[in-house]
Trainee: 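I'd like to ask you about the structure that follows.
Just follow the structure's listing: the first ligand is 1, and inside any ligand the first atom is 1.
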Amino acid sequence: MQKSPLQIARQAYQPKMPKALQGAVRLVEGEKTNSVADQEEIKKLFPNTYGLPVITMEPVEKGQSDDVQCTKEAFNVGVILSGGQAPGGHNVISGLYDGLKALNPKNKLYGFLGGPSGLIDGKYQELTGEIIDEYRNTGGFDIIGSGRTKLEETWQFDNGIEICKQLGIKAVVIIGGDDSNTNACVLAEYYLQKQCGIQVIGCPKTIDGDLKNEMIETSFGFDTACKTYAELIGNIQRDANSAKKYWHFIRLMGRSASHIALECALQSQPNICLISEEVEAKKMTLNEIVEDIVKVIVARANAGLNFGTILIPEGLIEFIPAMRVLIQELNDMLAANEEFTSLDGDDAKREYVKSKLTPASCDLYRSLPKGIARQLTLDRDPHGNVMVSQIETEKLLIEMVQKRLAVLKANGEYKGKFSALNHFFGYEGRCAMPSNFDADYCYSIGVTATHLIAAGKTGYMSLVRNLTKPAAEWIAGGVPITMMMNMERRNGKMKPVIQKALVELDGAPFKYLEAHRAEWADANTSYIYPGPIQYYGPTEVCDQPTHTLLLERGK
Ligand code: FBP
């Protein structure tokens, strides 16, 4: 396989690690924990994994009695990549591999293929040193593939036992987001109840940045994805400021939370950045959002600036209260609806949908451009959610802004020129070559997971924190997954789930945006051009964490 010079150089990059992980480690147990909410219910559902202590790993001097660096018995581990790609996944796996081999060269790592379904269907591959070396510090999940199959039924868990027994697997590592880690915890609990001797460890992945809490400072992949998008936004802003003739409407991935849009705004200072959580809190309508955008466009036009950039979080549409109701009605109506799928053509489907909606939702549905309305009825994901990545909210906003400006122009209230271009950045960043931060963070997450396994832990998420400090000062350990859980309604039933972290409107990152956005909107230009991710050079250029992380940690 041909490689670029950078690919070759990155293959040789040795990730930086916390001091504690550089040799033998000792696991120190802290206080017993409680779930973030609904403690009684969670305790009842997870009698074996509830209340476990947080673990911290400390370095051990050679020769000390609790030196666990070299375990006598060899053991095997299985790994699963779950959900959307995120830069650094391959480094979690290489950290896991190196960690296992350091404990005992006879240890083996198996990759389950194509996501959780690999465990259920018994599809796997042994990951040898040769394979691992090909994937060190690379983006993507292609080493074993990923998938969105939900691991939640006992027959699936039992299939897992079978295959693990066949392969002599002592632990399964699940690399995934909030839902996959919730399922990891359910699996850990089930395996303890069955006393089958299989441990389960989770790792925090998602570019969306919404798997974070008191313990997990950030999910991996967020750093690289945001830096990749921010570079592109900066390039567009330079172009906008050079040509001075286009408004760029840029939608950014993030299924639900607006962390990516917010982080990109902090890095690039666009004229407008919408935040879904704010839209919801202020109960804004689509027309009110459009009105806010139009005000900025008119003000800039009055100053002779007929160009600008607008960041739009992918999940926006679901945070507009009336749209949420409409989407919920569509979700319920489309769930296993064969009558709908059997209809021929868009017009027949549109008429069918209109006949089933409540009057308010029907009015809203009819007011949407036909293309957007159709996108709202496309297939749902395995969780029954609308796939927001396929809804072109940026085009919807352009169309609505255009119409409003035409009215203002006719009334003599707007004299500018409006020419808009639309962009969607999502897949461009999900498999980018991991930044040094993600390469280092992920590798440490993998090594940490091996120590948790060697110590017999289960129901834990591999934890690496203190991330605003140099990697040597990072703190490794484990956090019980039950600690992050609460009860939420899913598909009509109350279920234990890891609490999703949305953008906090009283949090430092949003406060920073709020304090500066008027100046970014009006000014001739406040744009920042972040440039591409740098892998080699001064640490202030190459190793910086996200603004979100720095602001959240009071830096
Ligand atoms: P995860 O939560 O699984 O990490 O995936 C995140 C994400 O990239 C979202 O930002 C996006 O909405 C979604 O995946 C797209 O999914 P798909 O890969 O199925 O198109």
Trainee: What are the atoms of ligand 1, with element, lying closer than 4.0 Å to any heavy atom of G254?
Mentor: 10 (O)
Trainee: Do you know which of T285, I293, D292, N287 makes side-chain contact (heavy atoms from CB on, under 4.5 Å) with I289?
Mentor: I293
Trainee: Between M387 and ligand 1, find which residue part has any heavy-atom pair under 4.0 Å and reply side chain, backbone, both or neither.
Mentor: neither
Trainee: May I ask you to identify, for F222, whether its side chain, its backbone, both or neither come under 4.0 Å of ligand 1 on a heavy-atom basis?
Mentor: neither
Trainee: Write out the residue and atom name of the closest protein heavy atom to atom 12 (O) of ligand 1, then the distance separating them to 0.1 Å.
Mentor: E314 OE1, 2.6 Å
Trainee: Of all the atoms in ligand 1, which lie at a distance below 4.0 Å from a heavy atom belonging to R255?
Mentor: 9 (C), 10 (O), 12 (O)
Trainee: Check R430 against ligand 1 and report side chain, backbone, both or neither, counting heavy atoms closer than 4.0 Å.
Mentor: side chain
Trainee: Counting non-hydrogen protein atoms only, what is the nearest one to atom 2 (O) of ligand 1? Give residue, atom name and distance.
Mentor: T206 OG1, 3.4 Å
Trainee: Starting from atom 14 (O) of ligand 1, find the nearest protein heavy-atom neighbour and note its residue, name and distance.
Mentor: R148 NH2, 2.9 Å
Trainee: Both conditions, 6.0 Å and 45 degrees, for the charged tip of K349 above the ring of F340: are they met here?
Mentor: yes
Trainee: Could you tell me whether a side-chain N or O of D210 sits under 3.5 Å from a main-chain N or O of L502, the two making a donor and an acceptor?
Mentor: no
Trainee: Please report which non-hydrogen protein atom sits nearest to atom 20 (O) of ligand 1, along with the residue it belongs to and the distance in Å to one decimal place.
Mentor: Y427 OH, 2.5 Å
Trainee: Which ligand 1 atoms does K205 reach within 4.0 Å, using its non-hydrogen atoms?
Mentor: 1 (P), 3 (O), 4 (O)
Trainee: For the residue pair Y529 and Y527, categorise the inter-ring angle as parallel (less than 30°), tilted (30 to 60°) or perpendicular (more than 60°).
Mentor: perpendicular
Trainee: Classify the angle between the aromatic ring planes of Y229 and F425 as parallel (below 30°), tilted (30 to 60°) or perpendicular (above 60°).
Mentor: parallel
Trainee: Cation over ring, R10 on Y13, under 6.0 Å and within 45°?
Mentor: yes
Trainee: Give a yes/no verdict on a cation-pi contact between R324 and F319, requiring under 6.0 Å between NZ or CZ and the six-membered ring centre and an angle within 45° of the axis.
Mentor: yes
Trainee: Less than 4.5 Å apart, any side-chain heavy atom of I132 and any of R136?
Mentor: yes
Trainee: Considering only heavy atoms of G83, which atoms of ligand 1 have at least one such atom less than 4.0 Å away?
Mentor: 3 (O)
Trainee: Please work out whether any backbone atom (N, CA, C, O) or any side-chain heavy atom from C-beta onward of D208 is under 4.0 Å from ligand 1, and answer side chain, backbone, both or neither.
Mentor: side chain
Trainee: Tell me which protein heavy atom sits closest to atom 3 (O) of ligand 1, plus the residue, atom name and distance to 0.1 Å.
Mentor: G84 N, 2.8 Å
